[in-house]
Amino acid sequence: MKLGLVIDLDTCVGCHACATACKEWNGASAISGPLTDDSPYGADPTGTWFNRVRHYEVGEYPGCKTINVPMSCLHCEDAACVSVCPTGASYKRPDGIVLVDQDRCMGCNLCAWACPYGARELDPASGTMKKCTLCVDRIFDTALPVEEREPACVLACPTHARHYGDFDDPESKVSKLSAERHGFGLLGELDYKPVNRYLPPRAPPVVAAAAPGSALPQAAEGGGEGAGTPDAVAAESPLSRLIARARAALTG
Amino acid sequence: MHAALSVIVFTVLSGAGLGAFAIVAVDDLCRAMASRVDATQPWNIAATLALLLVIAGLCASVLHLANPRNAWRSAARFRTSWLSREAVFSLAFIVVAMVDLALRWTDAGMALRGTVAVLSLLLAWTVIHCTAMIYASLKPIRAWHTWRVPLNYLLLAHASGAMLVAATLQVLGAPSPILRIIAAVLVVAAAIAKWDHRRYVASDAGRVTLEAALGVAHGVRPPGAPATVAARILDTGHSRGTFLTREFGVTATPTRRDIAWWAMAIGVYALPLAWLASGARNPALAIAACIAMLAGLLCERWLFFVEARHTVRLYHGERRV
Amino acid sequence: MPVPIEFRTLPKPSDAPQRIEYSTCYMCACRCGIKVTFEGANLRFIQGNREHPVNRGVICAKGSAGIMKQLSPAKLAKPLKRREGTARGDGIFDEIEWDEALAIVEARLRTIRDTDPKKLAFFTGRDQMQALTGLWAQQFGTPNWAAHGGFCSVNMAAAGLYTIGYSFWEFGAVDWDRARYFVLWGVAEDHSSNPIKIGLDKLKRSGAKFVSINPVRTGYSAIADEWIPVRPGTDGLLALSLVHVLLTDGTIDYEFLARYTNAPWLVICDPGAADDGLFARDHEARPLVHDDGSNTLTGAVTFDTCVALFGTFTLADGRTAKTSLTLAAERYLDAAYAPEQVAPQCGVDAATIRKLAREMAQVAFNESITLPIEWTDVWGNVHASVIGRPVAMYAMRGIAAHSNGFHTCRALHIVQMLLGALDGPGNFRARAPYPKPVPPRQVPATAPSHPRAPLAGSPLGFPMRPEDLAIDADGRPLRIDKAFSWQAPLAAHGMMHMVIANAVAGDPYPIDTLMLFMANMAWNSSMNTTGTREMLRAKDANGAYRIPFIIVADAFRSETVAFADLVLPDTTYLERHDAISLLDRPISEADTIADAIRHPIVPLDRDVRPFQEVLVELASRLGFSAFVKPDGTRRYRDYCDFIVRYERAPGIGFLGGWRGASGDAALVGAPNPRQWDAYIANQSFFEFHLPPALQYYRFANRRYLEFARTTGFITDIEPIVMQLWSEPLQKFRLAGLGQYAGPRPHDAADRARLTTYFDPLPFWYPPLASQGGADDGFTLHAITQRPMMMYHSWDSQNAWLRQIIADNHLYMNTRTAAAAGLADDDWIWVESHHGALRCQLRTMEGCEPNTVWTWNAVAKQPGAWALQTDAPEATSAFLLNHLIPEHLPGGAARFSNSDPVTGQAAWFDLRVRVRKCAADETGAWPKVAALPEQPVPERLRWGAA
Ligand SMILES: Nc1nc2c(c(=O)[nH]1)N[C@H]1C(S)=C(S)[C@@H](COP(=O)(O)OP(=O)(O)OC[C@H]3O[C@@H](n4cnc5c(=O)[nH]c(N)nc54)[C@H](O)[C@@H]3O)O[C@H]1N2
Ligand SMILES: Nc1nc2c(c(=O)[nH]1)N[C@H]1C(S)=C(S)[C@@H](COP(=O)(O)OP(=O)(O)OC[C@H]3O[C@@H](n4cnc5c(=O)[nH]c(N)nc54)[C@H](O)[C@@H]3O)O[C@H]1N2
Ligand code: SF4
Ligand code: SF4
Ligand code: SF4
Ligand code: SF4
Ligand code: SF4
Ligand SMILES: [Mo]
């Protein structure tokens, strides 16, 4: 198994719902909660998050595009964050999920240094490293209804830009989406083999421009019932006369 | 990168201690091979000091841990983690070095001492290498992910170690001219290695851009725009600091960097060289040169951290790391 | 290095028993369904309710952070009375008991009601219980009630309701499942924020095209297939240029115009006459059309009447009349509306405008949809299928918050009419209880208030003609906000933004008590914030406050709470009962009629009361006729009882679900004493699916209209005819011209405004604040956007959300900034005609070069919202409102800075200039004095066992 997320940059509007839902679910999770917040009402509000949404612009005005990029752990296949961890607190499961065992971590930060993506954050209160768990305590929780056995961020996302699944299964939703939409892994050149895939924006649909005088009236003139367009109007109906006159008034 | 004082002190002190111990061990080895047992007392003192430095360094390193209660687990990933190896070999080194010292102070036989010296020498080198590899193995930090880092660490550890031993001998009234020469050579070599490393860091080799980090070439760009189109940050998604900005977002002001650079150049290379070359005998000068070296090294190590730029900075808007 | 792979047992989750409750979110006005999990007594997880019609399971950042609102240290805990000897605004209070608080309010209100009820001004902000507060005000007898609509988006509501019978904002929705082309005008978030997000994804999946017209490219615009950076305030011109292209090309829906709009209606062309510009009517007052079939003028129109869309005709009395569409075509075919003409003003090139119009026409006419759904038109003809023009548009405050917004919004509706793209498959559809007649048949109370008597009519409504204005015999406004006066005749939602300024000036009269509910008028919801704060503490010559008494009902320590003489602390949304009623702003979607409730799922831990309970209590004590029995005893035990038993008309109450004594009636039925339980058992919402035959063309769908009459949505079964040419507007214009046979304004300025702005056809004019050279030197348009993760002022108290955004910058196009010598993070002075502020600059690409913008309502008064005084919200964030005057600049100073038709606050008309600060000038300015700091934790570990 190779569990992970697909994140669709074509629909992500950068709303931070996934980030907040993640904070909420995992804050009270036995796996890695609580997630500390410091200066919550003060000058330097800060806290531990597993998922952060950043906003970029590509290109120059007016041909620019704003891109919102949510980032959480990509559950890399070649997860250096795991191999560098001296205590063995960080580990990768056979299903691909990369986790930190809170009872073993000594808070040395090395795994965070080893992660190119900024997916790990040290919790100042527990002194331990924390990160996205892929909501391992949701996705396998048989007490939850089947359709809710999904990561909190995936459930929350209002544009359905997030999908969860098994990349080892070519028939899974994530594998298919990634294949169809040319999903890619961030910073492939570093060779961490991130499992999470990002979908680049789709090519914009092409819409023809209606030629002047095209459209409905022509359908009418073109021969009444069944002339191919849903708007076909019987040539001799009162409506077609109305249209013909109106067109004449307008263009004639 | 955030330059944690504990890590700076740790790497400098333990590096110097390990280097010094290595020098002493080499000396011992030479003696063992030559079967000479003369004038070892000052060398023993130097070795003891070296071990103390290593231990002090290790203590400092524990301060860096946010959850030191679990420090004892750090041997767990010996197979893959340089930090784990560093921990294991450091402890091994300390044990062996203590045996070595005990043998020295009890004037044990040269054969035995020689064997242990070889062992401690290998361990010292290994530990230095492990420490360096902790950094050099990190792909996300381009400035570190190069063979130049272990080379620098080895040379600086030995240069500072040799300085320490030479100065100790000087203070104890048993100067070693050869050691001075060796130390001078090491300092010069370290300077060259440093120059090369900095040249590499300043070059374009291996740089990663914001565009690459976002996947612009993979199509994350406006329709019709060339794959070379530029990207920029609009908003990092947090108004104040996060763990990531505190750990990776740190950049020193140019002034502070200049000061540190000069302090390094003078403290690590110029003053020690001057002292070594001068042949000065004043013990105070020897101590001063050592202090200059260590202070310079603290600056060197500070620069090593603050000048290193982690890829995550791309995601916070840096154009290139 | 191989990565070690291991399997380990995970820590056991808490074994505290779980409880699940369903309710309705109120982190914003979108009103999504939430599923709330408790672990033991603790809130564990708030997620979207998959079954809920609004959000279908998703949830936004605010909704997910509800827990942090519940934990906010800014929550009020007890009634507060301003401490004797302290000044208003200092925020120094004594805690009092509810008995005392209610006694104070009761005594004060009784005196007002017994003497001059209009001296109570009761205004509400982000509440969703306007049916109750409106009823309460009407029963009290004051006309001085309104909710936030006047400063929010009444332009959208009014333009829609005076044109198509439903509207953008909350009374219409895009058919996301079928739209093939979607144009979004000036929307950053909207109230329907989750539905829009869900919908945009649907569009993207189906390959429909999404065009965003917005000066700024963030959020929704970020993912648009095409972004059109329009110059603020010029959308009306752009839209009318689309009209020009559609008319020139002849690509319009002749059939739709002929049958469902007043395009064929004959307009009297008799300049100078009292009925010039009104519709020619037959003896039954039916508007006349020309029947091309019989070549006669007739008022009896059926489905098959071959009406003339164009033409000039002679009326029986010999006068000339033209069809509405003829007049429209005469205007819009003019070269003034040609793309080439408007391009420089809009900042959109002519080719783009043409392309937009032609793409829309292409999709509307050549890619139309036919659904095999049989339906019956209002004339009784049965149709085998429904045709959809799958071009959908949606618009919000980018259009609304300009003083030309009413006409601009009407222009958008004209585009929709020409395309036939209204309430059909794939386009913009009505949400029940809409559509309603154009405009809805409810005029505002026009008679003065009387002691101890309910107001004769509703405080708000839709004037059809000058007679419907709320003015006295001398033409002076009856309302404190001057809504429905000559200055803002169609102010259908009131003008909350003028209340404080007018009350303090005693213009049109002084008041005694200002009661504010859920509105932060001392900060982000006022124009001229600095001035408003001064006004709130202004005193007369005798040292008495000009607004003698201020009651604030709020749940949190807002900036406005500090100005209260008496604070009535409210509950949070998880702690109270609420009805999200069809009598209010509906949560219906196009195919479903829906309403919902909230119920207390978190036990109260403070001495606070739901404000609706307070209202019911006061109404009972003061003896409002709807709230007491004839013998004077109270009619309703409490709010819940009121919601269940109050009937607006027989069988029609606040909640539509599970009516009837046994709970089996939908929408109409006798009160059901167990109605709340039924809602709770059904996940707190009620949904009524319209059968397919009732889903489309509802303005002329017989079976729908019959249904809507039984549910009380409408009163008559007749076609709801869309109004291209607006007769109500023309009546006001005639009054301005002095030709109207009825009330006419005396004041020349009023007359001039009516004459100009009550054009019966949409037109474009530069925003009022920019007219007469008022912009000289102030070259930049300054606007705001809503951050998706913050709701107005509410969320700075939210420990999670404020980490995402705790301060704001002024965004400017990179090249504009470079030309002005400005760079990222520079501290800058931003100056308008009205004032100056200091903030920090950010450059960006996706910003129209003449526009600067910032996030709305991030800044806070130091110490407010239980934030520490050094919080970024107080030290570096800034509020653009300081620069926006509540009156128009220059000679017209007594006119509100609002749309002249609807009184909609013109927030986005602001023009500014920007310059770099001196080196030592840093930090946000103006600085506002700090409120007393509240005790707050240094560290939060929510979720810790
Ligand atoms: N997250 C969140 N959601 C909210 C709210 C909130 O505070 N936070 N507030 C709620 C309320 S009260 C309301 S009224 C709605 C409002 O919802 P929106 O209408 O989305 O409100 P704004 O954020 O003001 O967005 C106005 C948009 O219009 C653009 N704009 C400004 N001037 C012009 C113009 O002249 N032409 C065009 N085409 N565009 C222009 C701006 O760039 C901006 O994108 O949102 C509701 N939803
Ligand atoms: N510059 C600029 N200004 C604007 C806008 C803009 O786009 N730009 N937008 C305008 C618009 S559209 C609007 S609608 C207004 C919004 O204006 P308001 O409706 O005045 O604004 P809010 O900030 O939402 O504040 C409402 C108050 O409700 C309180 N509150 C929250 N929950 C509860 C509750 O459960 N019970 C009670 N009793 N009180 C509660 C909050 O504490 C707060 O004090 O702002 C307007 N101001
Ligand atoms: S994203 Fe970072 S933390 Fe996650 S597996 Fe990859 S390297 Fe490790
Ligand atoms: S911080 Fe914890 S998880 Fe990370 S490397 Fe150190 S011990 Fe391992
Ligand atoms: S999968 Fe779970 S833990 Fe990971 S980002 Fe999403 S919500 Fe957070
Ligand atoms: S919730 Fe979805 S749309 Fe919102 S930021 Fe996350 S991925 Fe993007
Ligand atoms: S949009 Fe968000 S805050 Fe608003 S009601 Fe829905 S979930 Fe709650
Ligand atoms: Mo609003």
Side-chain angles (χ1 to χ4, degrees), chain A residues 10-11 13 15-17 20-21 23-25 27-28 30-31 33-34 36-38 40-43 45 47 57 60-62 64 66 68 79 82-83 91-94 125 137 155-156 158-160 204-205 207-210 212-213 215-216 230-231 238-239 241-243 245-247 249-251, chain C residues 1 3 5-7 11 13 44 58-61 64-65 194 197 201 204 207 209 217-220 222-223 225 229 249-251 254-255 258 304 306 309-310 355 358-359 361-362 365-366 368 370 387 788-789 799-800 802-804 806 845-846 866-868 870-871 936 939-944:
Chain A
D10 191 44
T11 54
V13 290
C15 70
H16 294 253
T20 322
K23 178 102 170 142
E24 184 195 18
W25 175 258
I31 312 290
T36 306
D37 296 297
D38 276 327
Y41 307 104
E57 291 186 300
E60 286 186 5
Y61 179 89
C64 53
T66 305
N68 306 295
V82 171
S83 37
Y91 67 107
K92 190 169 176 70
R93 302 177 8 134
D137 50 352
L155 289 177
T159 65
H160 298 113
V207 178
L216 188 91
D231 290 307
L239 184 62
R241 283 199 299 278
L242 176 159
I243 292 170
R245 274 166 175 272
R247 274 195 60 75
L250 191 57
T251 51
Chain C
M1 204 75 70
V3 178
I5 293 183
E6 294 171 51
F7 185 83
R44 169 67 181 87
V58 307
I59 192 162
C60 80
S64 292
N194 274 338
K197 292 184 186 96
D201 175 52
K204 291 267 184 175
K209 181 163 177 180
R217 186 160 208 187
T218 56
Y220 305 154
I223 65 165
D225 296 308
D249 287 358
T251 45
Y254 300 87
E255 179 183 359
D304 289 321
C306 184
L309 278 174
F310 292 96
K355 186 182 76 160
R358 289 178 176 163
E359 287 184 356
Q362 167 72 17
F365 302 123
N366 297 336
S368 51
T370 309
I387 291 180
M788 288 181 170
M789 71 308 281
W800 293 346
R802 72 184 289 261
Q803 290 182 50
I804 300 172
E845 294 296 327
L867 296 182
Q868 289 170 298
D870 56 359
V936 292
R939 170 171 278 185
L940 280 184
R941 300 201 75 208
W942 176 74

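To find a chain, count down the sequence lines: A is the first, B the second, and so on, and within it residues start at 1. Remember, predicted model here, so these are calculated numbers, not experimental data.
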Bottom line for A:Glu57: the part with an atom under 4.5 Å from chain C's heavy atoms is side chain

With chain A, the option among C:Lys209, C:Lys204, C:Lys355 that has the most non-hydrogen atom pairs under 4.5 Å is C:Lys204

What one should report as the nearest heavy-atom pair of C:Ala65 and A:Thr20 is CB-CG2, 3.6 Å

Handout entry: A:Tyr91 backbone acceptor or donor facing C:Glu6 side chain under 3.5 Å
Key = no

Applying a strict 4.5 Å limit to non-hydrogen atoms, the region of C:Leu867 in contact with chain A is both

A:Ala79 and C:Val3 have their tightest heavy-atom pair at N-CG2, 3.3 Å

**Message:** Can a side-chain donor-acceptor contact be found between A:Asp37 and C:Trp942 if the only test is distance below 3.5 angstrom?
**Reply:** no

Looking at A:Pro40, is its backbone amide N or carbonyl O close enough to the side chain of C:Arg939 to form a donor-acceptor pair, meaning the two atoms are under 3.5 Å apart? no

Closest non-hydrogen contact found for C:Met789 with A:Cys15 is CB-O, 4.1 Å

Nearest heavy-atom approach of A:Ala210 to C:Asn366 is CB-ND2, 4.5 Å

A:Gly42 and C:Arg802 have their tightest heavy-atom pair at O-NH2, 2.8 Å

Between C:Arg217 and A:Thr66, a side-chain donor and acceptor under 3.5 Å
no

In short, C:Ala61 meets A:His16 closest at the heavy-atom pair CB-O, 3.5 Å

Requested in this report: Keeping the roles fixed (side chain from C:Arg941, backbone from A:Gly27), state whether a donor-acceptor pair exists under 3.5 Å.
Outcome: no

Check: Can you check whether A:Thr159 reaches C:Tyr220 side chain to side chain, under 4.5 Å on heavy atoms?
Finding: no

Most contact-rich option vs chain C, by heavy-atom pairs under 4.5 angstrom, among A:Lys92, A:Arg93, A:His160, A:Glu24, is A:Glu24

Applying a strict 4.5 Å limit to non-hydrogen atoms, the region of A:Asp10 in contact with chain C is both

